[in-house]
Every structure is written in C-alpha cells, then in structure tokens.
Amino acid sequence: METHEILEQVKRGEITVEEAERYFRRKPFVDMGYAKLDTHREIRSGFPEVVFCSGKADEHLLHIFEVLFEENKEVFGTRASEAQYELVRERIPEITYDPVSRILKVEKEGKERKGKIAVCTAGTADIAVAEEAAQAAEFFGSSVERIYDVGVSGLHRLLARLETLQSANCVVAVAGMEGALASVIGGLVDKPVIAVPTSVGYGANFKGLSALLTMINSCANGIATVNIDNGYGAGYMAAQINRLGVR
C-alpha cells in the first residue's frame, strides 16, 4: 500500500493514527535470504523498487514478483525474457509483457499521468531502448510523447516536432551510431536533455562506445548522459525532472 493511501485512510477514519504509525515503523525491507526487497524505497525516493530480471534464477524472480505485487499491487521489471513472462504469468495472471522493451509489469488501472516527457530516437533500431525509458517514466506517473526516427540524417523530421519538444519538461534522446541527436536537441530546447547511447551501429561504433563518447563530449548545454542502452535509468531520471516541473 502506498504512503498517500495510508494517509487518506487516516483522514477518512478507516484506520487510526496508531495503526498508521505501526505501518511506517515496520521493517523497511523484506529479507528473503537471497534478496532483501526495499519496501520503503517509495517512501524515501518517491518511486518503488524495480526488478532487473535478466540473470535471475526462475524461483528467485517468481518469488520477488509475488512479494512486490502483494506489497504494492503493481510491479515493474526490466530486461525480461519471454520464458520469464510465462513463468510469472502462472502465478500473477495480470502480468503483461512487451517483447520490444522486454518490460514485465503489472500496473494499477486508472493511474494518473502528469506533465510531459518527450522520448526521441534517431532511428527505429533504437526504439527498444526508448520504449524502456518511456514505459518506465509512464509507470512512475509521467505523461510521455514518443517521437521516433528523427535522426540527424533527416533533420527536417525532428524540426517538424519542435513545438512538442520545447513544451516538454524533459527530453530523452536515444541514439546509436555517432549519437549526434542529443547535441542537436540540446541546442533547441530550454529543458534538461537526457542522452541515451545505444549499441546500435557498425564495427567502429564499438557497441555504443562511439555514441557514449559523443554524448558526454557534447558542446550543447543541459545534457546529461546515462550508460549504454540504459533506457530505464533515463526514464527514471526523466520522471524525477518531470515531477519537479509539475510541482
């Protein structure tokens, strides 16, 4: 149960102040032996814990999803496989899976999404990483506008969406190859730009290293760069910036 729900129940007289205090005083993590789930993360940081699915043993992943779902009535996992989706769905039928972003999640119905984040890609090959960013930001309560395939080889495509870019509280620029998209956007908007280098490209791209170096060496102002293919990290940071913009 989320913090604001507890406080609302106190206001409505459904639970006492003492009962609410007992809830907040409980152990701030669930010790599962092989994992210690941070159930108080949302209280501290505003967002609940997210599961990185890749590499986890089936039994561990399944139990982690069950505990987090029971705790929050929603759960978000990244880098999941089709097999992991089928496994979790046997226990949590509400779970959904996106094979493009590889996101495994249960999300509360009717969630309000506020503000605006623009998520852009240089090409369609970057969409998998961009969707990880976009869906993470949406899960954390942000409204997202997707602007895909607007790389610098056809700059007019990006300029056609300039009004959307400039009205967003934050822009996520996802690009492989030489990674120039973030610099171009940084020179067009007065909001923070989060650059996401992807591993898309030919041999000298060095699996995203060329895009990473371009982005961290950008001469445009207001650009912060996350790790190669780290769509989730960009989406999380964008949601934090957007929340400040909404406030």
Side-chain angles (χ1 to χ4, degrees), residues 2 37-39 41-42 44-56 61 64-65 68-69 71-81 84-85 88 92 94-122 125-148 168-176 181-182 185 191-200 208 215 223-246:
E2 296 184 11
L37 301 186
D38 188 358
T39 53
R41 186 170 300 182
E42 184 173 10
R44 299 191 317 275
S45 68
F47 299 127
E49 184 171 13
V50 165
V51 183
F52 183 79
C53 301
S54 180
K56 282 186 170 55
L61 180 73
I64 287 169
F65 262 79
L68 289 177
F69 178 63
E71 183 75 20
N72 301 316
K73 302 308 176 189
E74 62 178 4
V75 59
F76 190 90
T78 65
R79 303 300 167 97
S81 67
Q84 288 175 322
Y85 163 58
V88 175
I92 308 175
E94 302 94 326
I95 203 81
T96 63
Y97 180 66
D98 175 25
V100 175
S101 63
R102 296 169 59 194
I103 285 172
L104 189 61
K105 68 180 178 180
V106 180
E107 195 165 9
K108 293 176 182 175
E109 292 185 9
K111 180 182 290 184
E112 185 179 7
R113 295 192 171 99
K114 299 179 180 180
K116 184 194 286 187
I117 296 169
V119 176
C120 309
T121 71
D126 303 308
I127 288 177
V129 176
E131 274 300 309
E132 185 177 86
Q135 292 188 42
E138 288 174 335
F139 185 81
F140 294 133
S142 296
S143 177
V144 175
E145 184 88 16
R146 292 160 170 80
I147 306 174
Y148 290 168
N169 289 324
C170 178
V171 180
V172 177
V174 185
L181 180 64
I185 293 176
K191 305 299 194 316
V193 176
I194 302 170
V196 188
T198 73
S199 51
V200 172
M215 290 170 171
I223 297 175
T225 306
V226 298
N227 207 349
I228 297 169
D229 291 335
N230 188 12
Y232 167 73
Y236 187 101
M237 184 181 294
Q240 288 181 310
I241 294 170
N242 182 62
R243 179 177 284 187
L244 291 173
V246 170

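In this text the structure is predicted, and so the values were computed from the model without any measurement.
Residues P192 and N169 come closest through the heavy atom pair CD-O, 3.7 Å. For the residue pair I92 and F65, the shortest heavy atom distance occurs at CD1-O, 3.8 Å. Closest non-hydrogen pair, T78 versus V50, comes out as CG2-CG1, 4.1 Å. V193 and A182 get closest at one heavy-atom pair: CG1-O, 4.3 Å. Shortest non-hydrogen contact noted between M215 and P197 is SD-N, 3.4 Å. Shown here for A118 and A168, the closest heavy-atom pair between the two residues is N-CB, 3.8 Å.
Ring-plane geometry between Y236 and F140 is classed as perpendicular, the angle between the planes exceeding 60 degrees on a 0 to 90 degree scale with a lower cut at 30.
Side-chain atoms of M237 and I241, non-hydrogen and from C-beta on, do get closer than 4.5 Å to each other. For the pair R102/Y97, a side-chain contact is recorded, criterion being any heavy-atom separation below 4.5 Å from C-beta on. In this structure, E131 and I103 have side chains that are not in contact, with every pair of non-hydrogen atoms separated by 4.5 Å or more. By the 4.5 Å heavy-atom criterion applied to side chains, D126 and L181 are not counted as neighbours. With a 4.5 Å cut-off on side-chain heavy atoms, R243 and K114 do not count as touching.
The distance from the CD atom of E138 to the CD1 atom of I117 is 9.0 Å, given to the nearest 0.5 Å. In this structure, K191 NZ and C170 SG are separated by 10.0 Å, a value rounded to the nearest 0.5 Å. A distance of 7.5 Å separates CD1 of I185 from CD1 of I147, quoted to the nearest 0.5 Å. Distance check, rounded to the nearest 0.5 Å: CD of Q135 to OG of S142 gives 13.5 Å. The CZ atom of R146 lies 10.0 Å from the CD1 atom of I127; values are rounded to the nearest 0.5 Å.
Here the side chain of Q84 pairs no donor or acceptor atom with the backbone of L61 at under 3.5 angstrom. Under a 3.5 Å cut-off, the side chain of T96 and the backbone N or O of K105 do form a donor-acceptor pair.
Note on residues 226-235: pairs passing side-chain hydrogen bond (donor to acceptor under 3.5 Å, both in side chains), not counting sequence neighbours, are S199-D229.
Look at E94 and K73 and you find no salt bridge, because none of the NZ, NE, NH1 or NH2 atoms lies under 4.0 Å from a carboxylate O.
For R113, the salt bridge (charged side-chain N to carboxylate O under 4.0 Å, His left out) criterion is met by E107, not counting sequence neighbours. Take Y148 and apply the ring pair (Phe, Tyr, Trp, His ring centres under 6.0 Å) test, not counting sequence neighbours, and it matches no residue.
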